[in-house]
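All values derive from a computational prediction rather than experimental measurement. Protein chains get the first letters and strands the later ones, always in sequence-line order, with residue 1 at the start of each.
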Amino acid sequence: MFLKFKDEVSSVLTKALKDAGFEADDLALDESPHADVSSSVAFRLAPKYKKSPKQICEAIHMHVKILPDSYIDRAEAAGPYINFFSSRAYLNETVLRVMLDRENFGNLNNTGKVILEHTSANPDGPLHIGHIRNSVIGDTLARILKRAGYDVETQYYINDMGRQIAVVVWGLMNFKFDAAKKKDHAIADVYIAANKTLVDEKEHSPEVDAIMKQYEVGDADTNRKFKDAIDTAMEGIEQTLDRMNIHHDKFVWESQFVRTGEVNRMMDRVKKLDNTIFKDGAFMVDLKEAGIEKTLVIQRSDGTSLYTTRDLTYHEWKATQCDRMIDILGADHKLISSQLKAVLRILGLQEPEVVIFEFVSLPEGSMSTRRGVFISADELLDEVKKAAYSEVSKKRPDTDEEFKQKVAEFVSIGAVRYDIVRVSPEKATTFDWAEAVDFEKQGAPFIQYAHARACSIIKNAKDEGITFEEFDAGILLEDQETALIKKLSVFENAIDKAARELKPNLIAIYARELADAFNQFYRYVPVISAEPEFQAARLALVECSRIVLANSLDTLGIVAPESM
RNA sequence: GGGCUCGUGGCUUAGCCUGGAUAGAGCGCCGGGCUUCUAACCCGGAUGUCGAGGGUUCAAAUCCCUCCGGGCCCGCCA
């Protein structure tokens with residue numbers, strides 16, 4: 001709705017500009033607290049036409065012609081700004097549109113296949129609070145892009161050729177695997193113990209090297225051991241992701257590119273490049289012309305491949321199956337991903353769009369699975385759930401155990417996801433337990449609560465025999481009502497912008513603002529106890545709010561509860 | 001040492017790419033509101049040299065430069 005309104009403003013303003021004798025390639029249209037959409041184009045025109053912005057604005061305003069039944073109600077010249085206000089028709093149609101489109105309201109019609117890779121944590125232990133920043137950003141982005149119309153496939157790239165997995169395999173041969181524990185945690189125990197031993201007793205190091213070598217050549221027995229180790233860790237990782245409402249469409253093993261010979265073909269191609277140099281038996285690419293000082297080794301002197309070489313192949317493979325590739329990566333991958341992109345560019349291959357997120361650290365420093373210094377996602381989820389449980393118990397002492405457990409679960413998942421996604425990815429954060437379990441702040445529970453309230457009104461109205469089968473949206477004239485409808489109408493704009501700029505936090509902000517608008521409506525505008533002539537229309541607005549609240553929460557991967 | 005990045009009220013942060021109307025919000029703090037659809041709510045108030053300095057511009061939190069502080073990276077690891 002908003003996008004169509006903005007388009008109308010755009011064409012009306014273009015025409016007014018032309019009629020007033022001005023020419024501008026950028027209309028400088030923007031949302032504004034002073035109007036529904038505002039243009040500061042007069043500033044840009046001022047030097048060119050040697051008039052004050054105010055004069056220009058007035059001249060443009062005089063030529064603004066608004067057609068009947070337009071989404072634009074009126075335009076105003078406010079000093080140097082030209083402000084546009086939406087019409088009643090716009091509000092009424094927004095309500096009808098939501099009722100019609102329901103769970104699809106806000107969806108856009110972009111086309112194309114997107115492969116989005118996220119999480120891709122090494123299968124050497126459980127996901128920790130840094131990994132799930134990747135997962136939540138990636139999953140939310142995938143949901144946003146789906147709503148924007150793209151055909152999205154999510155992939156988890158399993159790095160099974162790295163030394164750390166060989167250490168896990170070696171560890172499994174030498175240490176006890178605690179079958180009583182969740183599998184990824186038991187793998188971490190083995191991994192941590194193995195690392196410690198490898199540091200203390202250097203003589204075991206060649207054993208790990210031998211395992212890696214055997215895996216590289218595809219020894220059947222070693223393959224089985226790797227598969228067992230990785231499947232075990234991944235089972236636990238997937239359980240955690242599943243709990244957070246995150247699922248991957250495909251799990252791609254790094255080794256497959258070695259097995260098919262694609263990695264060798266890739267190395268041969270890169271070797272032929274002018275930028276590639278041969279030094280001390282190894283091949284490396286000089287990326288100075290791409291602005292990167294560091295050369296990139298693509299083949300070791302023993303002839304084997306490296307992580308980046310395989311990643312190059314992985315991206316080439318992905319590109320054959322989609323129109324866009326998006327990678328969600330931690331800040332430690334900044335250099336390596338720009339090197340990867342540079343090589344792909346030189347080879348004439350498609351480059352991925354990379355979303356980098358900064359680190360989550362502990363107050364005492366950075367996390368490390370290898371050293372056993374981390375807070376697992378499972379632990380975080382459990383602690384937050386405990387806090388949520390005590391909150392429900394306090395607030396809903398009348399309810400049974402099953403209800404409290406259920407609410408505590410979806411509130412805690414929502415709170416964790418929301419807390420991660422609300423902060424823009426480029427911000428480095430320090431984890432704080434007190435903050436993590438705090439439910440006073442306006443986060444996911446605030447939005448979920450607004451949704452539950454809407455459901456409650458709808459349920460009570462039904463009991464009272466109030467329906468919205470027939471209503472006139474035109475009588476929704478209270479400030480809180482029009483503000484709420486306008487907020488509903490910009491959902492598609494939030495999706496559009498978030499998809500365009502790959503900024504999932506925009507949806508977190510939108511959802512909170514929508515809940516805010518709904519709560520204000522709730523406080524000031526009665527529905528069930530309203531005069532009969534207002535009941536149906538207001539109930540319809542509650543239903544619309546419920547739908548868009550649910551759509552926003554769904555985009556954030558958070559449960560929209562009927563009661564809490 | 002070099003590169004990248006962040007620095008906004010006591011705390012957490014939006015806005016920065018694409019410069020424009022009094023820098024928006026939450027927590028905390030102060031004050032008010034449950035005989036009314038779930039108070040995990042609502043209303044009001046105090047709190048900001050937008051890290052510092054310079055520059056560009058009619059206009060800078062936003063662009064450029066320098067400096068300071070935090071983070072990340074700089075391996076024939078991943």
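Backbone-only engagement by Phe446(A) is indicated by non-hydrogen atom pairs under 4.0 Å involving sugar-phosphate atoms exclusively. Using a 4.0 Å heavy-atom distance criterion, Lys394(A) is classed as making no nucleic acid contact. Within 4.0 Å (heavy atoms only), Val525(A) reaches at least one base atom of the nucleic acid. Counting non-hydrogen atoms under 4.0 angstrom, Arg396(A) reaches a base of the nucleic acid. Across all strands shown, Val542(A) has no heavy atoms under 4.0 Å from either base or sugar-phosphate atoms. Within 4.0 Å of Val407(A), counting heavy atoms only, lies at least one base atom of the nucleic acid. Contact annotation for Asp311(A): no contact, since no heavy-atom pair falls under 4.0 Å across all strands. Ile509(A) comes within 4.0 angstrom of the backbone, heavy atoms only, and of no base. Nucleic acid contact for Gln299(A): none, since no nucleic acid atom lies under 4.0 Å from a heavy atom of the residue. At a threshold of 4.0 angstrom between heavy atoms, the contacts of Lys441(A) are confined to the sugar-phosphate backbone, with no base atom among them. Residue contacts shown for Asp280(A) include a base, since a base heavy atom lies under 4.0 Å away. Across all strands, Met284(A) comes closer than 4.0 Å to no nucleic acid atom at all (heavy-atom distances).
In summary, Lys213(A) and Asp302(A) engage in a salt bridge, as defined by a charged side-chain N under 4.0 Å from a carboxylate O.
The C1' atoms of C58(B) and G19(B) are separated by 12 Å, rounded to the nearest whole Å. Using atom P as the reference point in both C41(B) and G26(B), the two lie 11 Å apart (nearest Å).
Out of C37(B), C74(B), U5(B), the shortest distance to the side chain of Leu335(A) is found at C74(B). You'll find that the side chain of Lys334(A) is closest to C4(B), out of A78(B), C42(B), C4(B). Of the candidate nucleotides C37(B), A78(B), C72(B), C72(B) has the atom lying nearest to any side-chain atom of Ser366(A). Listed candidates were G15(B), A21(B), U13(B). Nearest to the side chain of His34(A) is A21(B). Listed candidates were C76(B), C17(B), G19(B). Nearest to the side chain of Leu306(A) is C76(B). With distances taken from any side-chain atom of Asp332(A) to the nucleotides C73(B), A39(B), A25(B), the minimum falls on C73(B). Here A21(B) is the nucleotide among C17(B), U5(B), A21(B) with the atom lying nearest to any side-chain atom of Ser38(A). Comparing C37(B), U18(B), U13(B) against the side chain of Thr429(A) picks out U13(B) as the nearest. Counting only heavy atoms from C-beta on, Val527(A) has its side chain closest to C37(B) among C58(B), C77(B), C37(B). Listed nucleotides C72(B), U13(B), C76(B) differ in distance to Arg300(A); the shortest reach to its side chain belongs to C76(B).
Judged by distance alone with a 3.5 Å cut-off, no donor-acceptor contact links the side chain of Gln164(A) to the base of C77(B). The base of A78(B) does not come close enough to the side chain of Thr308(A) for any donor and acceptor atom to sit less than 3.5 Å apart. Checked by distance alone, Ser40(A) brings no side-chain donor or acceptor within 3.5 Å of a matching partner on the base of A21(B). Contact annotation: side chain of Ser529(A) to base of C37(B), donor-acceptor pair absent below 3.5 Å. If you check distances only, the side chain of Asn83(A) does reach the base of A21(B) with a donor-acceptor pair under 3.5 Å.
Side-chain atoms of Asn83(A) and Ser38(A) form a donor-acceptor pair, as typed in the model, at a separation below 3.5 Å.
Rounding to the nearest 0.5 Å places CD of Gln442(A) at 5.0 Å from CG of Asp516(A).
Contact annotation: Tyr522(A) side-chain N/O to A39(B) OP1/OP2 distance is under 4.0 Å. Side-chain nitrogen and oxygen atoms of Arg310(A) include at least one within less than 4.0 Å of the OP1 or OP2 phosphate oxygen of A78(B). For the pair Asn519(A) and C42(B), the criterion of a side-chain N or O lying under 4.0 Å from OP1 or OP2 is met. For the pair Arg370(A) and A78(B), the criterion of a side-chain N or O lying under 4.0 Å from OP1 or OP2 is not met. Note on Gln520(A): a side-chain N or O is less than 4.0 Å away from OP1 or OP2 of C43(B).
One atom, CD of Glu293(A), and another, P of C73(B), lie 20 Å apart when rounded to the nearest Å. Straight-line distance from the CD atom of Gln442(A) to the P atom of G28(B): 11 Å, rounded to whole Å. Regarding Lys427(A), its NZ atom lies at a distance of 14 Å from the P atom of C17(B), rounded to whole Å. Here G70(B) presents its P atom at 19 Å from CG of Leu362(A), a figure rounded to the nearest Å. Taking atom CZ of Arg453(A) as the reference point, atom C1' of U36(B) lies 12 Å away to the nearest angstrom. The distance from atom CG of Asp398(A) to atom P of A40(B) is 11 Å, rounded to the nearest whole Å. Rounded to an integer number of Å, the gap from CE of Met212(A) to P of C76(B) is 14 Å.
Aromatic ring centres of Trp253(A) and Phe251(A): separated by at least 6.0 Å.
Classified by interplanar angle (parallel below 30°, tilted 30° to 60°, perpendicular above 60°), the ring pair Tyr157(A)/Phe257(A) is tilted.
Within the cation-pi definition used here (under 6.0 Å to the ring centroid, within 45° of the axis), Arg512(A) does not qualify as a partner of Phe446(A).
Nearer the 5' end of RNA chain B, as judged by each residue's closest nucleotide, is the contact made by Ile82(A), out of Phe403(A) and Ile82(A).
Base pairing of C63(B): its partner is G55(B), meeting the Watson-Crick or G-U wobble criterion (both donor-acceptor distances under 3.5 Å).
Within 6.0 Å of atom CG in Asp398(A), more than 12 heavy atoms from other residues, nucleotides or ligands are found, so the atom counts as buried in its surroundings.
In plain terms, the two heavy atoms of Pro123(A) and Ile158(A) that are nearest each other are CG-CG2, 3.9 Å.
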